[in-house]
Amino acid sequence: MIALIPLLTLLATLGSGLMAGLFFAFSSFIMTALAKLPPEQGIAAMNSINVTILNATFSLAFFGTAVLCLGLGIAGVLRWAEPGSAWLLAGSLLYLAGVIVITMVFNVPLNDALAAVSPASPEGAALWTRYLAEWLPWNHVRTFANIGALIAFIIAYGRQAA
């Protein structure tokens, strides 16, 4: 099992990097582009994204990285004296708290509320304004947490290889 930790760290690095890139795209330009659309179109586009993103490749990257983080976080604690263990724990906590928990507690409920509203209604337009104001800052948190996890896993891998 100990021989697998560098490989699992490399896979967690890849997963964190993929997710960081995805969330960075939303923070950098996707949400800005959607905000420029009329509310009905913005809601429809975001709802389409939220349905389409639930696929095997996204799930593997998003949840697979979480599973790796659970294992690596435990390994980091159990192997605390080994090189890179603190970085494994840090990367794991950043991903699990800053990505998984934030997504489930903040972004998903906002997505669910958006899916439940009629895009052409006045309520839809009001919700869209609130959605943009609340969803995007939490996405920034996910982006920075992913980048932090990515950096921690890179350092952990380097320390393991040394």
Side-chain angles (χ1 to χ4, degrees), residues 1-35 42 45-115 130-162:
M1 177 64 179
I2 290 174
L4 283 178
I5 291 179
L7 175 61
L8 298 177
T9 303
L10 186 61
L11 292 173
T13 303
L14 176 61
S16 297
L18 287 169
M19 297 314 302
L22 173 70
F23 293 133
F24 177 79
F26 274 93
S27 285
S28 295
F29 59 88
I30 293 172
M31 295 309 290
T32 302
L34 295 180
M46 191 65 191
N47 282 337
S48 180
I49 290 169
N50 287 334
V51 168
T52 306
I53 202 167
L54 299 176
N55 62 57
T57 54
F58 171 80
S59 294
L60 180 63
F62 186 75
F63 293 112
T65 302
V67 170
L68 289 168
C69 287
L70 283 171
L72 290 171
I74 292 168
V77 170
L78 294 177
R79 301 177 61 234
W80 190 251
E82 298 294 319
S85 291
W87 291 106
L88 286 180
L89 181 59
S92 296
L93 291 174
L94 279 166
Y95 190 86
L96 293 170
V99 178
I100 300 297
V101 171
I102 294 295
T103 298
M104 297 306 168
V105 172
F106 297 105
N107 296 90
V108 168
L110 288 166
N111 291 346
D112 291 344
L114 194 66
R130 183 174 68 87
Y131 180 90
L132 291 168
E134 294 178 15
W135 191 94
L136 192 55
W138 288 115
N139 192 70
H140 295 333
V141 172
R142 297 188 301 177
T143 302
F144 286 113
N146 260 299
I147 292 169
L150 174 62
I151 291 167
F153 288 133
I154 289 170
I155 294 169
Y157 186 78
R159 300 265 167 103
Q160 292 166 358

Rounded to the nearest 0.5 Å, the CD1 atom of Ile151 sits from the CG atom of Asn146 at a distance of 11.0 Å
Heavy-atom pair of closest approach, residues Gly91 and Ala149: O-CB, 3.5 Å
Which atoms form the tightest heavy-atom contact between Cys69 and Ser92, and what is the distance? O-OG, 3.0 Å
Full working for side chain to side chain contact (heavy atoms under 4.5 Å, CB included) between Asn139 and Met31: CA-CA 10 Å; Asn139 192 70; Met31 295 309 290; 5.9 Å; no
If I take atom CG from residue Leu68 and atom CZ from residue Phe153, how far apart are they, to the nearest 0.5 angstrom? 8.0 Å
Roughly how far, to the nearest 0.5 Å, is the CG atom of Leu4 from the CG atom of Leu72? 10.5 Å
Between Ser28 and Phe24 (side chain of the first, backbone of the second, donor and acceptor by atom type, cut-off under 3.5 Å), is there such a pair? yes
Would you check, one step at a time, whether the test side chain to side chain contact (heavy atoms under 4.5 Å, CB included) holds for Phe62 with Val99? CA-CA 9 Å; Phe62 186 75; Val99 178; 3.6 Å; yes
Closest approach of Gly76 to Ser85 (non-hydrogen atoms, all atoms of both residues): O-CB, 3.4 Å
Minimum heavy-atom separation for Pro83 and Arg159, please, with both atom names. CB-O, 3.5 Å
List the atom pairs, with distances to 0.1 Å, where a side-chain N or O of residues 12-22 and a protein N or O form a donor-acceptor pair under 3.5 Å, not counting sequence neighbours.
| residue | atom | partner | partner atom | Å |
| --- | --- | --- | --- | --- |
| Thr13 | OG1 | Thr9 | O | 2.7 |
| Ser16 | OG | Ala12 | O | 2.9 |

Parallel, tilted or perpendicular, judged at 30° and 60°: which one describes the rings of Trp138 and Phe106? parallel
Supply the atom-to-atom distance Ile100 CD1 to Leu94 CG, rounded to the nearest 0.5 angstrom. 12.5 Å
Just wondering, are more than 12 heavy atoms of other shown residues or ligands nearer than 6.0 Å to CH2 in Trp135? yes
Let me see the working for Gln160 and Leu88 under side chain to side chain contact (heavy atoms under 4.5 Å, CB included), right down to the final yes or no. CA-CA 10 Å; Gln160 292 166 358; Leu88 286 180; 3.6 Å; yes
Rounded to the nearest 0.5 Å, the CG atom of Asn107 sits from the CZ atom of Phe26 at a distance of 10.0 Å
Would you check, one step at a time, whether the test side chain to side chain contact (heavy atoms under 4.5 Å, CB included) holds for Leu96 with Val101? CA-CA 6 Å; Leu96 293 170; Val101 171; 5.8 Å; no
In this structure, CG of Leu114 is separated from CG of Leu110 (nearest 0.5 Å) by 8.5 Å
